[in-house]
Amino acid sequence: MPRQSQDETLRRVYREHVDAVFGFFAYSVGRSVAEDLAGNTFERVIRHWKRFDPARASERTWILAIARNVLIDHYRRESHRRSASLDEHPLLLESLAEQDDPLARSLAESAFEDWISGLGDRERQVLALRYGADLTAAAVAALLSLSEANVNQISSRALKKLRAAAVPDPGASSTG
């Protein structure tokens, strides 16, 4: 591929996929770190573009696989995970608010870190890809080597856990 054509292709790839990559990272580690990790991801995309095989995966799936590896590397470098604040997770909360979900109404910013920390690594990863990167369940399944049914089950259970942590159980209130 001629150099100019490859440059144009990489610019197009960046424009089309940067929001999904940033959303994935913003959901996973927060906005401040997401910018750096997104930059690292696209550096790897550029370095390894010749390895991309459209017969094996879509551009988005290939790029998000790279993003996932960048995130794993980040977690390895950092001995602890940072949870982000409520304003750094607009996609999930916005989608829940659009559904008039009580979770979006009752969630306080100060409780978000504790709220999201109740999820396991796999649950966080599935939700980050589904809501942060705006992937379909099928795309998440392909990326994580899971079945689509498993992705849907993990997502559903994780959202139930989050709702349970954010919305008090009306039967649990004591009568004085």
Side-chain angles (χ1 to χ4, degrees), residues 17-42 44-45 48 56-99 101-104 106-167 169:
H17 302 291
V18 68
D19 289 340
V21 170
F22 182 79
F24 168 69
F25 287 129
Y27 190 84
S28 300
V29 295
R31 289 181 181 271
S32 59
V33 178
E35 291 177 11
D36 291 338
L37 296 181
N40 293 345
T41 298
F42 282 101
R44 287 187 189 183
V45 166
H48 302 292
R56 294 184 68 205
S58 70
E59 284 177 358
R60 179 168 287 200
T61 300
W62 184 74
I63 291 167
L64 285 167
I66 292 171
R68 183 171 170 250
N69 289 333
V70 167
L71 183 62
I72 290 167
D73 291 347
H74 168 75
Y75 284 150
R76 284 182 183 145
R77 280 189 313 272
E78 303 291 321
S79 61
H80 64 283
R81 255 184 274 186
R82 288 184 49 219
S83 293
S85 65
L86 177 63
D87 64 312
E88 293 175 322
H89 291 72
L91 297 175
L92 172 65
L93 297 176
E94 186 177 300
S95 70
L96 293 174
E98 288 172 2
Q99 299 170 15
D101 192 304
L103 167 66
S106 68
L107 186 61
E109 184 172 346
S110 62
F112 189 77
E113 187 172 326
D114 291 336
W115 177 71
I116 198 81
S117 70
L119 297 178
D121 290 340
R122 177 162 282 184
E123 292 168 322
R124 283 187 211 188
Q125 194 169 53
V126 166
L127 291 182
L129 290 167
R130 285 282 288 133
Y131 297 101
D134 198 27
L135 291 180
T136 64
V140 173
L143 191 60
L144 299 179
S145 300
L146 299 170
S147 70
E148 188 173 346
N150 197 356
V151 167
N152 285 327
Q153 183 178 44
I154 291 167
S155 180
S156 176
R157 287 181 180 170
L159 290 173
K160 284 179 186 176
K161 280 184 186 179
L162 294 176
R163 285 184 182 99
V167 180
D169 181 2

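In what follows, residues are counted from 1 in the order of the sequence shown.
- In plain terms, the two heavy atoms of Glu148 and Ala137 that are nearest each other are CG-CB, 3.9 Å.
- Across all their heavy atoms, Arg60 and Ala133 have their closest contact at NH1-O, 3.9 Å.
- Heavy atoms only, all atoms of each residue included: Ile154 and Arg122 are closest at CD1-CD, 3.5 Å.
- In this structure, Val151 and Arg130 approach most closely via the heavy-atom pair CG1-CD, 4.3 Å.
- Contact detail for Thr41 and Ala67: the closest heavy-atom pair is OG1-CA, 3.6 Å.
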Phe25 vs Asp36, side chain to side chain contact (heavy atoms under 4.5 Å, CB included): CA-CA, chis, key distance, verdict: CA-CA 9 Å; Phe25 287 129; Asp36 291 338; over 6 Å; no
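- Summarising the geometry of Ala26 relative to Ala34, their closest heavy-atom pair is N-CB, 3.5 Å, with the distance given to 0.1 Å.
- Taking OG from Ser58 and CG from Leu143, the interatomic distance works out to 9.0 Å, rounded to the nearest 0.5 Å.
- Note that the NZ atom of Lys160 and the OG atom of Ser155 stand 11.0 Å from one another [nearest 0.5 Å].
- We find that Asp73 and Arg76 are joined by a salt bridge, their nearest charged nitrogen and carboxylate oxygen being less than 4.0 Å apart.
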Step-by-step side chain to side chain contact (heavy atoms under 4.5 Å, CB included) determination, Leu71 to Phe24: CA-CA 10 Å; Leu71 183 62; Phe24 168 69; 3.7 Å; yes
Decide side chain to side chain contact (heavy atoms under 4.5 Å, CB included) for His17 and Val45; before the verdict, give the C-alpha distance in whole Å, the side-chain angles of both, and the deciding distance to 0.1 Å. CA-CA 11 Å; His17 302 291; Val45 166; over 6 Å; no
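- Looking at heavy atoms from C-beta onward, Leu127 lies in side-chain contact with Leu159 at the 4.5 angstrom threshold.
- Atom CD of Glu123 sits about 9.5 Å away from atom CG of Asp121, to the nearest 0.5 Å.
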